[in-house]
Protein chains: 2
Amino acid sequence: MKREESTNSCTLNTAVENCFQTLTDDEMLLLENNLVVVNYKKGEILCKQGTLASHIMYICNGLVKIYMESEAGSLILKVLPAGNLIGLSALLDNNNIFRYSAYAYQDCKLRLIDIRVFKQLIRQNNSFANQVINLLCENQIQTQTRFFAFTQKQSFGRIADTLMCLSNNIFKMDEFELPLSRKELAELTGLTPESVIRILSKFKNDRVIEIDGKVFKIINKKKLQQISEYG
Amino acid sequence: MKREESTNSCTLNTAVENCFQTLTDDEMLLLENNLVVVNYKKGEILCKQGTLASHIMYICNGLVKIYMESEAGSLILKVLPAGNLIGLSALLDNNNIFRYSAYAYQDCKLRLIDIRVFKQLIRQNNSFANQVINLLCENQIQTQTRFFAFTQKQSFGRIADTLMCLSNNIFKMDEFELPLSRKELAELTGLTPESVIRILSKFKNDRVIEIDGKVFKIINKKKLQQISEYG
DNA sequence: TATAAGACATGATATAGATCAATAAATATG
DNA sequence: CATATTTATTGATCTATATCATGTCTTATA
């Protein structure tokens, strides 16, 4: 009997690749004619929460954070590598507003797709619309699962979960250089920077991970997984 | 200049009503021929997290909780009154699984729409697909906003927020009988039942609300709003 | 290269909210 | 109707994590 899937906070979208494959040659041409490729430098803002979304953005390469902000503080909703879309929830009719901001962790190349063209494609190509629905479902499930994990896990579990996620889904390696500050790790886990540092030190002392500045190496994945589930 | 919208956790879906209006007479007939109307009694489970979703459910009347559960505990994702759909995120192709459970707070009448028919309608009617996309966007924004509010507000703010939401969006009255136990109020706010009780008592003493068992009355809405924002 | 500014680290302390314990009230059940 | 069971409430205590303080290390900048 299959073991119940653990409550982790990280599931990447599988449907993006299928999305554009549904387009006809004509539609592909329409798309190409209505997109701009823009290079962003590390540290630049890609879109700002609350502003009008004139484009849906596709990440060709680079690493991006999606986050919500208020006077009180920020929450990083997700970290997105190449191959993902930014701004889908701005498709909402009569309300094309970015509900979050995006920031480039690394130099990024983005395709900015005119949102009107994106909507037109949804209206004229059912398979495309269906794939967009798939994407939105995945996003929804991901956000919910992450939200649930947040309410169930405490600090150690959240950090472990986050490290597992970064390793498995973003970098796909046990060793990786993480372009997030400790403060940002805090915003990703809902903790304070001090707490993050203490927990990372604990993991290091317990020989679960190795850390050298921004380079993380997971040396006891099983243990980390346990902490993520029961810590 | 318009004041920035506050970080509350409650936005109801406006698009459901538009959704089925897009269907042609033939499609409406197809829908009618492939749905069952089922009455559920108060306390019954409408769908169970992890099970195959054979239907999308429309709430004709009653009040429903949508929640995620694990051995560790539960989180109420939202409370849905009549006019809403349950199970949209199960539309994901090749993965028609309910990602949450649903429970009837009151006697409910639901229309169970065969998920294959629902998907067929998405494929054959672009306007319908577009409205489903709108719905999914709204859900996504709602979940994100609630998640963000959870990470920013502490106990008093969360309870105030929840009461405002129930009053404004669910019952649309300042006085309402709430069919949730204190334990469920805890699962809705991510606190313990004891904390919920203490905070409600505080609100009562401060003459912000009146409580008599399950009947709540908001007597100082402005104050409650303030607590929700800055508490 | 010096100096400033930010990031990282660690210890001491404070506190919000959980946990535990003990009734009381409400609801269910034989 | 009496008894059992669940739910609500209140108080005492504990603890996870935030906050505050201080110092070092690293990176930017003049």
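The chains referred to below are lettered A, B, ... by the order of the sequence lines, with proteins before strands, and numbering in each begins at 1.
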Take the angle between the ring planes of B/Y103 and B/Y105 and call it parallel below 30°, perpendicular above 60°, tilted in between. perpendicular
So A/Y58 and A/F20, would you call those rings parallel, tilted or perpendicular, with 30° and 60° as cut-offs? perpendicular
Would you compute the distance between atom CG of B/L110 and atom CG of B/N61 and round it to the nearest 0.5 angstrom? 8.5 Å
How many angstroms lie between atom CZ of B/F156 and atom CG of B/L200, to the nearest 0.5 angstrom? 10.0 Å
With sequence neighbours excluded, what pairs up with A/T143 under the side chain to side chain donor-acceptor pair (under 3.5 Å) test? B/Q140
For B/T151, give me all partners under side-chain contact (heavy atoms from CB on, under 4.5 Å), at least two apart in sequence or on another chain. A/L75, A/F150, B/F147, B/F148
Non-neighbouring partners of B/L52 that pass side-chain contact (heavy atoms from CB on, under 4.5 Å), sequence neighbours left out: B/I97
Distances for protein N or O near nucleotides 20-22 of chain D N or O, under 3.5 Å:
{"unit_1": "D/dC20", "atom_1": "N4", "unit_2": "A/E194", "atom_2": "OE2", "d": "3.2"}

With respect to B/C137, which candidate in A/L88, A/V132, A/L136 satisfies the side-chain contact (heavy atoms from CB on, under 4.5 Å) definition? A/L136
side-chain contact (heavy atoms from CB on, under 4.5 Å) partner of A/K204, the single match among A/I211, A/D212, A/I219: A/I211
The complete set of salt bridge (charged side-chain N to carboxylate O under 4.0 Å, His left out) pairs with one or both residues in residues 41-52 of chain B, sequence neighbours excluded, reads B/K48-B/E69
Per the under-4.0 Å heavy-atom filter, residues of residues 181-191 of chain A near DNA chain D come out as A/G190, A/L191
Does anything in residues 206-218 of chain A reach DNA chain D, meaning a heavy atom under 4.0 Å, and if so which residues? none
Angle separating the five-pair end axes of the helix from C/dT1-D/dA30 to C/dG30-D/dC1, nearest 10°, is 40°
Mind calculating the distance between CD1 (B/I197) and P (D/dG11) to the nearest angstrom? 12 Å
Filtered N/O pairs between nucleotides 13-16 of chain D and protein, under 3.5 Å:
none

Between A/S195 and D/dA18, is there a contact of a side-chain N or O with OP1 or OP2 at under 4.0 Å? yes
Looking at side-chain heavy atoms only, is the closest gap between B/L163 and B/V208 below 4.5 Å? no
Could you pull out all residues at least two apart from B/D174 that satisfy salt bridge (charged side-chain N to carboxylate O under 4.0 Å, His left out)? B/K221
Name all residues meeting the salt bridge (charged side-chain N to carboxylate O under 4.0 Å, His left out) criterion together with A/K183; count only those two or more places apart in sequence or in a different chain, and write none if there are none. A/E187
Between which nucleotides of DNA chain C, 5' to 3', does chain A make heavy-atom contacts below 4.0 Å? C/dC8 to C/dA12
Can a donor-acceptor pair be found, under 3.5 Å and without considering hydrogens, that links the side chain of B/Y67 to the backbone of B/V79? no
